[in-house]
Amino acid sequence: MAARINTSLHNALSFLKPFNTPLNTKPFSFRRNSFRFSKKLPYYSQFSSGKRALYCTSSSQESTVDEGETFVLTTPLYYVNAPPHMGSAYTTIAADSIARFQRLLGKKVIFITGTDEHGEKIATSAAANGRNPPEHCDLISQSYRTLWKDLDIAYDKFIRTTDPKHEAIVKEFYARVFANGDIYRADYEGLYCVNCEEYKDEKELLENNCCPVHQMPCVARKEDNYFFALSKYQKPLEDILAQNPRFVQPSYRLNEVQSWIKSGLRDFSISRALVDWGIPVPDDDKQTIYVWFDALLGYISALTEDNKQQNLETAVSLGWPASLHLIGKDILRFHAVYWPAMLMSAGLELPKMVFGHGFLTKDGMKMGKSLGNTLEPFELVQKFGPDAVRYFFLREVEFGNDGDYSEDRFIKIVNAHLANTIGNLLNRTLGLLKKNCESTLVVDSTVAAEGVPLKDTVEKLVEKARTNYENLSLSSACEAVLEIGNAGNTYMDQRAPWFLFKQGGVSAEEAAKDLVIILEVMRVIAVALSPVAPCLSLRIYSQLGYTEDQFNSITWSDTKWGGLKGGQVMEQASPVFARIELNPEKEEDEKKPKVGKKTGKAKVKVVE
Ligand code: MSP
């Protein structure tokens, strides 16, 4: 069935009454083919001025994110149709690591996350669970917060789209767009995917009108809705992307966005006549605002402060535009096409960057609540701890690409990297230090490393890690940190300090210096790994004789060689990362993929 829009200016004029807001003094003036971009909306055209650094330059050497003082980053606001699964946790883990890295650089960070609580999909799942929508939303939204706590996610703002302050901002935004003449009323007939909450083009659907993401048939709908005049923004969007190709990352996603725009942008409906569970359209309480036209505003309403004035202008002044929207690739169109156009219409600045990551998959299919092939993050964290879960997904999946999960691989990776390369090295070194030096460093790490090439190697790898964090190449950042651990292990094996101690005299003095060097390597690892595995880093730091407060005040400059000083007393060696042991009888069975199943067969064993 072909989607059909009947637009009639007469219709629109008769339905739309001016709102009682000062912004709405302009008469309704949308004309389908005669639009000229308003001079009052200059934001997109300011992009080339270079004054506001709205986006990054294209040199591959330069960082992906800009160096402004405040770094505002967002995760999507998660639907509360069901509790979080590992796919939803993935974006948030990545965002948290980026936020932690930016804080290490000394920036003020506002890390925004939250829940998307309106719309048909949520109302249906509330009913299916025998709850009313508000109760259902409270419960599921809380399960997201609980998971974020379990995963050591340090967000600054958590916005719920049912929060009254959010509703006020949505209405004000709607009024601005309306006042700009970009909202009109029309009939719409098309195929709707409730899981995507989106009308689909017939040509993008699979057999039986199935949505390619959710593999479920779309339903035919005919509605009388309010529309947003997206088509007016075709040229401005083309210009923005041409002037600022790094707006969409990774670069291969830009082509996708450009080709959507090139194929012609169609206005989209921003209200629903058949859905009660939503924010009423201003001046027409028979319709509610479309979930996306509601939820995207959460990125701005999240900036408001409780008990302070709650309006768009105040919210914007508190941190807009966002530096980075982190999203999955399935919602790229909303963020890289709809949202910028909506912002232009409202006269607001655009975010500086949208990064669309790939999917965690199961048998090549997106892991998701609708498909029922999810991996339980609560179970995973309970079994293996937050550091292992965070590290595995960030290290294993190249950020931007898809990645498949298997428990077998999970255990191999975290054991090899965190328990062996990092944990064991610290353990062995502290054991030797206790035995031979009363757990005390004999000399400053700077002095110990004089003329030692390992120091230069570590410095280069730290730089590599930094560049990768900056470019959001999180897997490569982890790899660079692991290479520091490998270099430390190689040094330990080549120098064999246990043997030098036995020789005594000058050899023993050299061995004592070697331990200082390796422990300094561990300290650098702790700082450089802290965005990804904060608890593990804290445990390492504590064993090196620092307090939790000292750890909490580290910055990226602490990756510089020379932190450990002579005379510093180390803690007793105790494992910082518990090795995961497989139950031997179950080992065969463990090789099978475990996504979507409860397992409980692997057990965690402390490394001796
Ligand atoms: N509510 C909208 C977002 C509104 S933002 C203003 C939404 N919610 S969602 O819960 O369906 O998805 C939230 C995020 O989780 C999306 O970025 C999506 O890509 C991500 N993921 C959901 N399943 C995923 C995987 N299997 N793998 C990786 N990320 C996935 O869309």
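Whatever order the structure lists them in is the order used to number ligands and atoms, beginning at 1. Predicted, not measured: the structure shown is a model, and the values here were computed from it.
- Using a cutoff of 4.0 Å between basic side-chain nitrogens and carboxylate oxygens, Asp201 and Arg266 are scored as salt-bridged.
- Of the protein's heavy atoms, Thr91 OG1, 4.0 Å lies nearest to atom 20 (C) of ligand 1.
- The pair Asp96-Arg390 meets the salt-bridge criterion, with a side-chain N (NZ, NE, NH1 or NH2) lying under 4.0 Å from an Asp/Glu carboxylate O.
- We find that Lys383 and Glu407 are joined by a salt bridge, their nearest charged nitrogen and carboxylate oxygen being less than 4.0 Å apart.
- Heavy-atom distances between Phe334 and ligand 1 stay at or above 4.0 Å for every pair.
- Residues His118 and Tyr290 bring no donor and acceptor atom of their side chains to less than 3.5 Å of each other.
- Taking the ring centre of Phe359 as origin, the terminal cationic atom of Lys329 falls inside the region bounded by 6.0 Å and 45° from the ring axis.
- Contact analysis puts His85 in contact with ligand 1, with a non-hydrogen atom separation below 4.0 angstrom.
- Counting the atoms of ligand 1 from 1 in the order shown, those under 4.0 Å from a heavy atom of Ala295 are 6 (C).
- Neither the backbone nor the side chain of Met86 comes within contact range of ligand 1; no heavy atom lies under 4.0 Å.
- For atom 19 (O) of ligand 1, the closest heavy atom belonging to the protein is Asp330 OD1, 2.5 Å.
- Counting only N and O atoms by type, the side chains of Thr91 and His357 include a donor and acceptor under 3.5 Å apart.
- Taking every non-hydrogen atom of His357 and a distance limit under 4.0 Å, the qualifying atoms of ligand 1 come out as 28 (C), 29 (N).
- Nearest protein neighbour of atom 12 (O) of ligand 1, counting heavy atoms only, is Tyr78 CD2, 4.3 Å.
- Atom numbering of ligand 1 starts at 1 in the shown order; those under 4.0 Å from a heavy atom of Tyr299 are 5 (S), 6 (C).
- Atom 11 (O) of ligand 1 has Tyr79 CD1, 3.2 Å as its closest protein atom, hydrogens excluded (heavy atom only).
- What sits closest to atom 3 (C) of ligand 1 on the protein, heavy atoms only, is Leu77 O, 3.2 Å.
- Shown in contact with Lys366 at under 4.0 Å from a heavy atom are these atoms of ligand 1, numbered in order with element: 22 (C), 23 (N), 24 (C), 26 (N).
- Expressed to the nearest 0.5 Å, how far CZ of Phe158 lies from CG of Asp163 amounts to 11.0 Å.
- Scanning the protein heavy atoms around atom 26 (N) of ligand 1, the nearest turns out to be Met367 O, 2.6 Å.
- Ranking the protein heavy atoms by distance from atom 31 (O) of ligand 1 puts Ile331 CG2, 3.6 Å first.
- Side-chain contact annotation: Ser125 with Asn81, donor-acceptor N/O pair under 3.5 Å absent.
- Distance from atom 30 (C) of ligand 1 to its nearest protein heavy atom, with residue and atom name: Gly87 O, 3.5 Å.
- Salt bridge status for Arg185 with Asp284: present, with a side-chain N to carboxylate O gap under 4.0 Å.
- Numbered from 1 in the order shown, with element, the atoms of ligand 1 that lie under 4.0 Å from a heavy atom of Leu296 read 6 (C).
- For ligand 1, the atoms closer than 4.0 angstrom to any heavy atom of Gly358 are 28 (C).
- Using modelled atom types, one finds no donor on one side chain facing an acceptor on the other under 3.5 Å when comparing Thr161 with Glu117.
- A side chain to side chain donor-acceptor pair (under 3.5 Å) with Thr92 is found for one member of Trp148, Tyr78, Tyr144 and no other, namely Tyr78.
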